[in-house]
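Labels below follow one simple rule: chain letters A, B, ... track the order of the sequence lines, proteins then strands, and each chain is numbered from 1. Since this is a predicted model, take the numbers as computed values, not measurements.
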There are 2 protein chains.
Amino acid sequence: MLGMTNYPDNGGHTLTGIRDLARHLDISIGTVSRALNNKPDVNQDTKSKVLKAAAELGYVPNQAGRALSKGRTNVIGFVLQTDSEGMMQGDLFFIRVFDGMQSVLTQHGLNLVALLSPSTVDPETYLKQIVARRFTDALVLSSIHRNDARISYLSDQNLPFATLGRSLTDVGQPWLDLDFDGVVEDAIHRLIAKGHRKIALALPRSDLNLRHIMVESYRRNLARSGIEVNEDFIVETDAGDNGGVTLVHDLIELNPRPTAVIYSDHILPFGIYRGLAENGLTPGQDLSLIGVGTRLASLLTPNLSHYRFNLFDLGVRIAEALLPTMQDRPFSDPAKIIRESVPYTFIDGDSIRDMA
Amino acid sequence: MLGMTNYPDNGGHTLTGIRDLARHLDISIGTVSRALNNKPDVNQDTKSKVLKAAAELGYVPNQAGRALSKGRTNVIGFVLQTDSEGMMQGDLFFIRVFDGMQSVLTQHGLNLVALLSPSTVDPETYLKQIVARRFTDALVLSSIHRNDARISYLSDQNLPFATLGRSLTDVGQPWLDLDFDGVVEDAIHRLIAKGHRKIALALPRSDLNLRHIMVESYRRNLARSGIEVNEDFIVETDAGDNGGVTLVHDLIELNPRPTAVIYSDHILPFGIYRGLAENGLTPGQDLSLIGVGTRLASLLTPNLSHYRFNLFDLGVRIAEALLPTMQDRPFSDPAKIIRESVPYTFIDGDSIRDMA
DNA sequence: TTGTACGCGTTATCAT
DNA sequence: ATGATAACGCGTACAA
């Protein structure tokens, strides 16, 4: 068993370990380790010799060994729900965010992996597994719910984490969020400025916290403008384009009929456009639309007025929020916990009718 | 240091290890381990006792310890390029594939993680890191190039892997692919059946292997139909909708002008529709379109004739291809290596004009 | 059937 | 500055 991997033998090609390095240089593994880890108490000469040999032999520390010894894995996990119906679901959303996170994490020797909570498994069960296995040093949770047991669980387990989204379950963890509150506020003011009074709000069915943020912002800002809330105008929709189609069906049956709708799912307008067309109606004319979008929005005609977020920057901030929560890092500063919403950018289009 | 994690102390809440379990039950850790791993030589009674206690105390084996001891991690990595301009980047491509993979892998106690090759790091360098650290038991590579050094590298390193896409660099690894060859073939025959003779082919700029598959299929099937290839009809395009717009500009300047175009980027037609409109032309009338699509295609009017793939099934097959390559699994069958293209489904639309 | 003891690759402590 | 050696948590031959 000695010196053997469990992988098929490839005839001599074997992984270089720290003891191979030591033997090769005829020094002790302790010295090699210190050299590799850039410890102060090691001769400059031997240090460079070790580094050189390591590079030549292609030495890379074994993950498991290091993790076991250090008690840390240097792995950061981003938990994704494959069945998530959260807004912004989609590859390009996360890939951008990941890239932003990576750009920060790699500078600290940390490695980002996406953990894919299977749709067949309870999210909390899945989470418990990866936590108990000590698979990662820290986690990022997404698809945050209004009340989210995962948050208190992670807190109990004492695993550093941040959330992408807020929650009523608050253990003082850092969070980042997209400024949906601001989106709804701005949208309402834009619509009102163009003479709209009957403004609908499309909400995701699930208990994602963003739903509550949106509805609260909706009520608050309508009230501030002296417009009474018509509860019928607050409608639930399925995610995706099909949700948009049924949304249109729902909206046009209302009496009075809303003249505009605000939404958070960037795919929704595709269905809305389709649903309107099916009813002989024109987007931006018979129904005004405004909500969160991505570059996919540019595929729609007439142009969609929408809000975008800089996802790369979001990723950067998530990483920056995470780092201080991980102790025994030199740059740690537990005092200030990042909690902020990243700002939106408004992209003007032709999907808001001027009612004047 | 004993019994201490590197995480901040949370006052008593400590992770259950195998030795805690042993002490709790007053038996040896060896027995506990055997019980947990369902070894044959352990008393049924003690086994159930151990399992019960494990469940109660929430025991989950430590990843690093297990990996170090077994030489396996039970982690499968899917390598993603964050800057990939591969086709299919876009909404839910990977998430669907992941879900399909998970559905198989979890049954074998394997865990899928997405490894995100940062855009700031050379993909091969990144790959070498995760391989050498023995982070995963197996890998799936995507964005496969015509000649792909990563393939021979993984083969040399003797790490089980499969590729999503074929390559000239062939070390006998299992691969899955979307049947672009079949798409082009079917598209050509459909077009010819409707009287088209001047058929253009839109290719991605990068050296992804799918590009070569498409062009070969294009030549072969045109030849089979006795149509001579006009080299001007084979055009490179940027990815995304903007690529579609410039594609139209390119095509309408050709003399003779093609009557149809085949493409692989599912976003492209959106740009094509736009580009045609800008020139006062009608999709399906002045230029026929057919290619790979996703559910986004349903947003286009006139309806787009296109091909779709079942991404979940693709994921399932990838997992099934991977499993046999990983040795010392009971279900391993190294003899048959899965290499197949997943079939397309044709969705009929109105984007192909009948020239008769 | 169960317990003991060693090894996995690395880091850290304690001598030297 | 360097070498030996004990952890880290788990699996497993081997002994009992």
Go through the structure and list residues passing salt bridge (charged side-chain N to carboxylate O under 4.0 Å, His left out) with [X], not counting sequence neighbours.
X: B:Lys52; answer: B:Glu56
X: B:Arg23; answer: B:Asp20
X: A:Arg317; answer: A:Glu320, A:Glu340

Rounded distance (Å) that lies between atom [atom2] of [N] and atom [atom1] of [X]:
X: B:Leu36; N: C:dT2; atom1: CG; atom2: P; answer: 13 Å
X: B:Lys70; N: D:dC8; atom1: NZ; atom2: C1'; answer: 19 Å
X: B:Arg72; N: D:dG11; atom1: CZ; atom2: P; answer: 11 Å
X: B:Arg133; N: C:dT10; atom1: CZ; atom2: P; answer: 12 Å
X: A:Leu21; N: C:dT11; atom1: CG; atom2: P; answer: 11 Å
X: A:Asn37; N: C:dT10; atom1: CG; atom2: C1'; answer: 9 Å
X: A:Arg19; N: D:dA4; atom1: CZ; atom2: C1'; answer: 12 Å
X: B:Arg134; N: C:dG9; atom1: CZ; atom2: P; answer: 11 Å

Does [X] have any side chain to side chain contact (heavy atoms under 4.5 Å, CB included) partners at least two apart in sequence or in another chain, and if so, which?
X: A:Thr46; answer: A:Val42, A:Asn43
X: B:Asp313; answer: B:Asn310
X: B:Ser33; answer: B:Ile18, B:Asn37
X: A:Val121; answer: A:Pro118, A:Thr125, A:Tyr126

Do [X] and [Y] touch side chain to side chain, with heavy atoms closer than 4.5 Å?
X: A:Ile76; Y: A:Thr136; value: no
X: B:Leu127; Y: B:Leu154; value: yes
X: A:Val50; Y: A:Thr31; value: no

Restricting both atoms to N or O, compile the protein contacts to nucleotides 3-6 of chain C shorter than 3.5 Å, with distance only.
| from | atom 1 | to | atom 2 | distance (Å) |
| --- | --- | --- | --- | --- |
| C:dG3 | OP2 | B:Ser28 | N | 2.9 |
| C:dG3 | OP2 | B:Ser28 | OG | 3.1 |
| C:dG3 | OP2 | B:Thr31 | OG1 | 2.6 |
| C:dG3 | N7 | B:Arg34 | NH2 | 2.8 |
| C:dG3 | O6 | B:Arg34 | NH1 | 2.8 |

(request) Please state whether the phosphate of C:dA12, meaning OP1 or OP2, lies under 4.0 angstrom from any side-chain nitrogen or oxygen of A:Lys39. (result) yes

(request) Examine D:dC10: is either OP1 or OP2 under 4.0 Å from a nitrogen or oxygen in the side chain of B:Ser33? Give yes or no. (result) no

(message) Suppose we call a contact any N or O donor and acceptor under 3.5 Å apart; does that hold for the side chain of B:Ser69 and the base of C:dC8?
(response) no

(message) Once ring-ring contact (aromatic ring centres under 6.0 Å, His included) is applied, what residue pairs with a partner in residues 53-78 of chain A remain, sequence neighbours excluded?
(response)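 Those involving residues 53-78 of chain A are A:Phe78-A:Phe94, A:Phe78-A:Phe98.
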
(request) Using modelled atom types only, decide if a donor and an acceptor are shared between the side chain of A:Thr169 and the backbone of A:Asn147 within a distance under 3.5 Å. (result) no

(message) Check whether B:Thr106 reaches the backbone of B:Gln102 with its side chain - one donor and one acceptor, N or O, closer than 3.5 Å.
(response)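 Yes; at least one donor-acceptor contact below 3.5 Å.
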
(message) Just to be sure I understand the geometry, which residues of residues 61-68 of chain B put a non-hydrogen atom under 4.0 Å away from DNA chain C?
(response) B:Leu68

(message) Please give me every residue in residues 40-60 of chain B whose heavy atoms get under 4.0 Å of an atom in DNA chain D, ordered by residue number.
(response) B:Tyr59

(message) Check this for me: does any side-chain nitrogen of one of B:Arg150 and B:Asp148 sit under 4.0 Å from a carboxylate oxygen of the other?
(response) yes

(request) Kindly calculate the angle separating the two end axes of the helix from C:dT1-D:dA16 to C:dT16-D:dA1, each obtained from five base pairs, and round it to 10 degrees. (result)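 Its terminal axes enclose an angle near 50°.
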
